[in-house]
Each structure stands twice: as structure tokens, then as C-alpha cells.
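The structure appears right after this line, and notes come after that.
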Amino acid sequence: KEDPRFRDVSAAVPGSINLSLSDDELARLVGSPGGWTKTPETIVLDYGGPNVAKPLHVGHLRSAIIGEALKRILRAAGDVVVADIHLGDWGLQMGQRISELELRQPELSYFAPGAAAPFPSAPPISLADLEEMYPAASAACKEDPARADLARKATKALQDGKPGYRALWRHFVDLSVEALKRDYADLGVDFDLWKGEADVDPLIPGMIADLEAKGLVELSDGARIVRVAEEGDRKEIPPIILVNSEGAVGYHATDIA
């Protein structure tokens, strides 16, 4: 508190220590060559994290605004910053939507036995339809085990490359990205890359093989998991599920990849 570089020093419940620099010190740092100069680096910032076919909500503001602020500060400091949105586009929610659409419109060409490209270039539904489908599908899966099984199987088929499902997935992503770009622009937030979980899918088999070679993977009820709990943990820490019992991967595997 006696250091003139700080305007305020305080402790706050439940244990944060807040240090606020004085205006004079901030001005000195920004104006001084020694206070602002650094060796330029190339930095990747992963922030945003929206899910495909779900509207943004207030919970997305934190990472968007903090990430955008960091990007601007680092660029002002002379760094090369690559901003990536990290879309949630590859897990169970995609299987829920695909299976929901198949139940509603089984006559669509995407669901025909042995269906192969080319598929229609225009999506069979609107963004509003897509946003309505997810809560309906999610609720149905929670209530009916058979319905949940359909979603898991659709997720696995999508990740295995079923042509009709891949074409629908592309429609879902394109519809969502178009809307997300408008919403983020309203917030003054923009990204250099629009990569999603699906972009690392080719890396997952090698990653899992590497983890297996290190003896870190074990089978549990048909799933392949990695236990991460440590002695002394204050609460129970569940394992990472690399591959579920259907053979599909979720965000644990894509995040590591």
C-alpha cells in the first residue's frame, strides 16, 4: 500500500487480492520505451466457443470480450495474434439434430439408403428451424433412452463419414457461422479463423494411439477413458472420455487433439 505505483491495494472475499496501478504509473509504462517494448511473438488466442445451431447467450460474453481485449492489447504491443473461435460442431448435439431431422423429414435425400453426393446445395431447413430443433431433440433424448440411442448412433455415423450426414452437418455449420458473424460483429468481436472441433478429427486416431502406447487409456463400460484424478483432490474428478461406448468422440477428445 505504501508503493506509489499502486492506486489501490485491497483483499476481497473469498480471497482475491486486487492491485490497481496509479494513473501516473500507467502513463509511465505506456510512454516509456522500456515499459512497452517486448520481443514480438506469434500468439494463438482461442476464444468464443459457441455451439453450432445454438444462439449465443450471456455466458458467451465473457470469453468473447476478454479474448478480444487480449487480442487488441497484444497487437498493440507488437505481437502477431491469430484469433480462433473454436466452434462446438462435432459432438452429440450434432447427432441429436440430425436424428431429429430424420424423424421429422425421413423423405429427404440425405437419409436414403446408400445416399451419396451430390446433395442439394441449399439447406433443407432455416436457422430458426435449426435453433428450434436442438432443445426439442435434447429434451426427447433425456426422456427416452431409445431416442438417445438414435442420437448417439447418428453422431457415430457422422464422425465415420456417412455422406448424407456430412452434407447436413455442412449445412448446419454454414447456417450457424453466417448468423454468428453478424452477432459477433455487433459486439465488435472478430476472428481470423473459424475452426471447429471437426477440424481436428483427423488428428484424433493418432492422439489416442499415442495415449494408449503410454498406458494411459483404459476400457470402462465399453468406453475408452483416461483417469485424471489425483490423490489429494478435494472432490471427485471424473475421467476423460476419449471415445464413448458407441465409438464416437466428444469435446474431451477434440480439445486434447
Side-chain angles (χ1 to χ4, degrees), residues 1-52 54-91 173 176-200 203 207 210-211 226 228-235 237-238 240 250-257:
K1 289 184 177 182
E2 296 174 357
D3 190 323
R5 292 176 297 177
F6 295 104
R7 173 173 52 83
D8 180 65
V9 177
S10 62
V13 176
S16 299
I17 298 173
N18 301 314
L19 306 172
S20 300
L21 289 172
S22 69
D23 290 348
D24 287 344
E25 179 64 11
L26 285 171
R28 186 191 71 77
L29 289 171
V30 173
S32 162
W36 192 244
T37 302
K38 65 189 291 293
T39 302
E41 298 176 86
T42 298
I43 298 170
V44 177
L45 279 182
D46 168 354
Y47 65 100
N51 287 313
V52 164
K54 291 173 69 176
L56 291 176
H57 58 80
V58 69
H60 289 106
L61 279 174
R62 179 169 61 180
S63 64
I65 301 307
I66 293 175
E68 184 69 18
L70 288 172
K71 180 183 75 177
R72 296 182 187 192
I73 291 168
L74 291 167
R75 283 180 177 169
D79 291 315
V80 176
V81 182
V82 181
D84 183 17
I85 194 170
H86 196 128
L87 292 168
D89 66 348
W90 203 230
V173 172
S176 291
V177 167
E178 183 181 351
L180 286 168
K181 285 183 175 180
R182 291 195 301 267
D183 291 341
Y184 278 112
D186 287 342
L187 295 170
V189 174
D190 68 273
F191 301 91
D192 302 300
L193 301 178
W194 286 74
K195 299 288 188 181
E197 295 171 306
D199 288 282
V200 299
L203 305 176
M207 177 200 72
D210 181 51
L211 292 173
V226 175
V228 292
E230 295 181 337
E231 189 175 343
D233 287 336
R234 294 185 178 182
K235 60 181 180 180
I237 305 296
I240 289 172
Y251 65 85
H252 281 148
T254 56
D255 278 1
I256 298 171

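Just so we're clear, the structure is a prediction, and the values are computed from it rather than from any experiment. Residue numbers count from 1 along this sequence.
Between Ile85 and Pro50, the shortest heavy-atom distance links the atoms CG1-CD, 3.6 Å. Nearest heavy-atom pair across Val189 and Ala64 is CG2-O, 4.0 Å. Nearest heavy-atom pair across Gly78 and Pro40 is O-CB, 3.4 Å. Nearest heavy-atom pair across Phe6 and Leu19 is CE2-CB, 4.0 Å. Ser63 approaches Tyr47 most closely through the heavy-atom pair O-CD1, 3.4 Å.
When the salt bridge (charged side-chain N to carboxylate O under 4.0 Å, His left out) test is applied to Glu230, no partner is found at least two apart in sequence or on another chain. For His252, there are no ring pair (Phe, Tyr, Trp, His ring centres under 6.0 Å) partners at least two apart in sequence or on another chain.
For the atom pair Ser22 OG and Arg28 CZ, the distance stands at 9.0 Å (nearest 0.5 Å). Asp46 contributes atom CG, which lies 5.5 Å from atom CG of Asp84 (distance to the nearest 0.5 angstrom). For the atom pair CG (Asp79) and CG (Leu70), the distance works out to 11.5 Å, reported to the nearest 0.5 Å. How far CG of Leu21 is from CZ of Arg7: 8.5 Å, rounded to the nearest 0.5 Å. With rounding to the nearest 0.5 angstrom, the CZ atom of Arg5 is 12.0 Å from the CG atom of Leu26.
For Asp89 (side chain) and Gly196 (main-chain N/O), no donor-acceptor pair under 3.5 Å exists by modelled atom type.
With 3.5 Å as the limit, one finds no donor-acceptor pair spanning the side chains of Tyr184 and Glu68.
Ring planes of Phe191 and Trp194: perpendicular class, angle over 60° (limits at 30 and 60°).
Using a 4.5 Å cut-off on side-chain heavy atoms (C-beta onward), Val82 and Leu45 make no contact. Counting heavy atoms from C-beta on, the side chains of Val177 and Leu87 come closer than 4.5 Å. Counting heavy atoms from C-beta outward, Thr42 and Val81 have side chains that stay 4.5 Å or more apart.
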Evaluation steps, salt bridge (Lys or Arg N to Asp or Glu O under 4.0 Å), between Asp192 and Arg75: CA-CA 13 Å; Asp192 302 300; Arg75 283 180 177 169; 3.0 Å; yes
message: Between Lys71 and Asp190, is the salt bridge (Lys or Arg N to Asp or Glu O under 4.0 Å) condition met? List the steps.
response: CA-CA 10 Å; Lys71 180 183 75 177; Asp190 68 273; 3.5 Å; yes
